[in-house]
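Here's the structure, in structure tokens; my notes come after.
Order of the sequence lines sets the chain letters (A, B, ...), proteins ahead of strands, with each chain counted from 1.
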2 protein chains.
Amino acid sequence: MAASEIDHDAPTPVYRQIAALIIADIESGLLVVNRKIPSEAALVQRFGVARETARHAVGYLREEGYVFTVPQRGSYVADRSAKSK
Amino acid sequence: MAASEIDHDAPTPVYRQIAALIIADIESGLLVVNRKIPSEAALVQRFGVARETARHAVGYLREEGYVFTVPQRGSYVADRSAKSK
DNA sequence: TTATATTTGTCCGTATGTATG
DNA sequence: ACATACATACGGACAAATATA
């Protein structure tokens, strides 16, 4: 996993590409429920993007119900198995 | 490639001339599927035309199925090989 | 207690690109 | 050619809460 996975010229926005990669990590079991996902700073480092882009990706994951965020602590993988949506 | 390729006195509308040149770039492989075509601003600069003319050219390419446009991102070369039309 | 590092929250501004009038 | 608006992306800065030493 590196910045090489990100294509800035692709039709899909960068933040969505990052979100898709994190979702893949969740669904593959690499990221576990109630455990932290990489911090914004880590995503910045790992994908070579601006912090706002990393935040946008996490915000998207939160909107989609994949993660929940605890201020000043981090974002955690949500339990979607028992969720109605 | 420059403004010299455009003939304002020709029977063919300028936007169609520009579209033809972009189609030529697509068919020659210079522009690749799912990759961005030059932005409107770039076309304005390159062909020495008004922005609306550049937009008209892109709109024509879109109608003809040569490109698809993603709002706020850009226009991309479409994959016509597997298309029914 | 103090200090430092981490992490999210919230602003600022700049640039690009399309959408619309 | 101009103005406005929105979405995306980058860069920087500071605050607040938390964790650790």
Side-chain angles (χ1 to χ4, degrees), chain A residues 1-23 25-26 30-79, chain B residues 1 3 6 8 13-19 21-23 25-26 30-78:
Chain A
M1 297 181 193
S4 57
E5 293 178 287
I6 301 301
D7 182 357
H8 287 262
D9 292 330
T12 306
V14 174
Y15 79 91
R16 290 284 290 269
Q17 294 180 45
I18 293 176
L21 291 169
I22 296 176
I23 290 173
D25 284 348
I26 292 174
L30 209 155
L31 293 177
V32 186
V33 171
N34 281 329
R35 300 232 75 198
K36 290 173 81 168
I37 68 171
S39 69
E40 292 171 358
L43 295 177
V44 165
Q45 186 76 11
R46 173 162 142 196
F47 295 110
V49 298
R51 191 189 163 196
E52 184 184 295
T53 304
R55 280 181 64 77
H56 202 161
V58 175
Y60 175 76
L61 292 171
R62 187 165 51 239
E63 288 171 8
E64 293 296 313
Y66 284 97
V67 306
F68 61 95
T69 299
V70 181
Q72 276 68 55
R73 292 227 72 213
S75 290
Y76 299 78
V77 178
D79 182 4
Chain B
M1 298 174 194
I6 301 301
H8 288 265
V14 173
Y15 81 91
R16 290 285 288 267
Q17 293 181 46
I18 294 176
L21 290 169
I22 296 177
I23 290 173
D25 284 349
I26 292 174
L30 209 154
L31 294 176
V32 186
V33 170
N34 279 329
R35 301 237 80 195
K36 290 173 87 165
I37 67 171
S39 69
E40 292 172 357
L43 295 177
V44 166
Q45 184 78 10
R46 173 162 142 195
F47 295 111
V49 298
R51 188 166 180 201
E52 188 184 294
T53 304
R55 282 181 65 78
H56 200 333
V58 174
Y60 174 75
L61 291 171
R62 186 165 51 240
E63 289 171 8
E64 293 297 314
Y66 284 98
V67 307
F68 61 96
T69 299
V70 180
Q72 275 68 53
R73 287 235 87 207
S75 291
Y76 300 78
V77 178

Next on the checklist: Tell me the closest heavy-atom pair linking A:I26 and A:V67, and the distance in Å.
Outcome noted: CD1-CG1, 4.4 Å
Item to check | Which atom of B:I6 lies closest to which atom of B:F47, heavy atoms considered | outcome: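 Looks like CG1-CD2, 3.8 Å.
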Checklist entry - If pairing requires Watson-Crick or G-U wobble contacts with both distances under 3.5 Å, which nucleotide is the partner of D:dA1? => result none
Checklist entry - Whole-Å distance between D:dT8 P and A:I6 CD1? => result 15 Å
Next on the checklist: Nearest whole Å is fine: how far is D:dA1 P from B:E40 CD?
Outcome noted: 14 Å
Checklist entry - If you round to the nearest 0.5 Å, how far is CG of A:L61 from OG1 of A:T69? => result 9.0 Å
Item to check | Residues forming a side chain to side chain donor-acceptor pair (under 3.5 Å) with A:Y60, sequence neighbours excluded | outcome: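 For A:Y60, the residues satisfying side chain to side chain donor-acceptor pair (under 3.5 Å) (neighbours in sequence not counted) are A:R16.
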Next on the checklist: D:dT8, OP1 or OP2 - any side-chain N/O from A:Y15 closer than 4.0 Å?
Outcome noted: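 Yes, A:Y15 has a side-chain N/O under 4.0 Å of OP1/OP2 on D:dT8.
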Checklist entry - Taking any atom under 4.0 angstrom from a heavy atom of chain B, which nucleotides of DNA chain C are the first and last to qualify, 5' to 3'? => result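 The contacted stretch runs from C:dG17 to C:dT20.
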Checklist entry - Can B:I22 and B:L31 be said to form a side-chain contact (heavy atoms from CB on, under 4.5 Å), step by step? => result CA-CA 8 Å; B:I22 296 177; B:L31 294 176; 3.9 Å; yes
Checklist outcome for this item: Contacts of B:Y66 meeting ring pair (Phe, Tyr, Trp, His ring centres under 6.0 Å) (sequence neighbours excluded), chain-then-number -> none
Checklist entry - Considering residues at least two apart in sequence or located in another chain, which fulfil the side chain to side chain contact (heavy atoms under 4.5 Å, CB included) criterion with B:T53? => result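 Here the qualifying residues are B:V14, B:Y15, B:I18, B:V49, B:A50.
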Show me, pair by pair, the donor-acceptor contacts under 3.5 angstrom made by side chains of residues 35-42 of chain A, not counting sequence neighbours?
residue, atom, partner, partner atom, Å
A:K36, NZ, A:R73, O, 3.0
A:S39, OG, A:A42, N, 3.1
A:E40, OE1, A:R51, NE, 2.8
A:E40, OE1, A:R51, NH2, 2.8
A:E40, OE2, A:R55, NH1, 2.7

Item to check | Nucleic acid footprint by protein, nucleotides 10-21 of chain D - heavy-atom cut-off 4.0 Å, B for base, S for sugar-phosphate alone | outcome: B--B--BBSS--
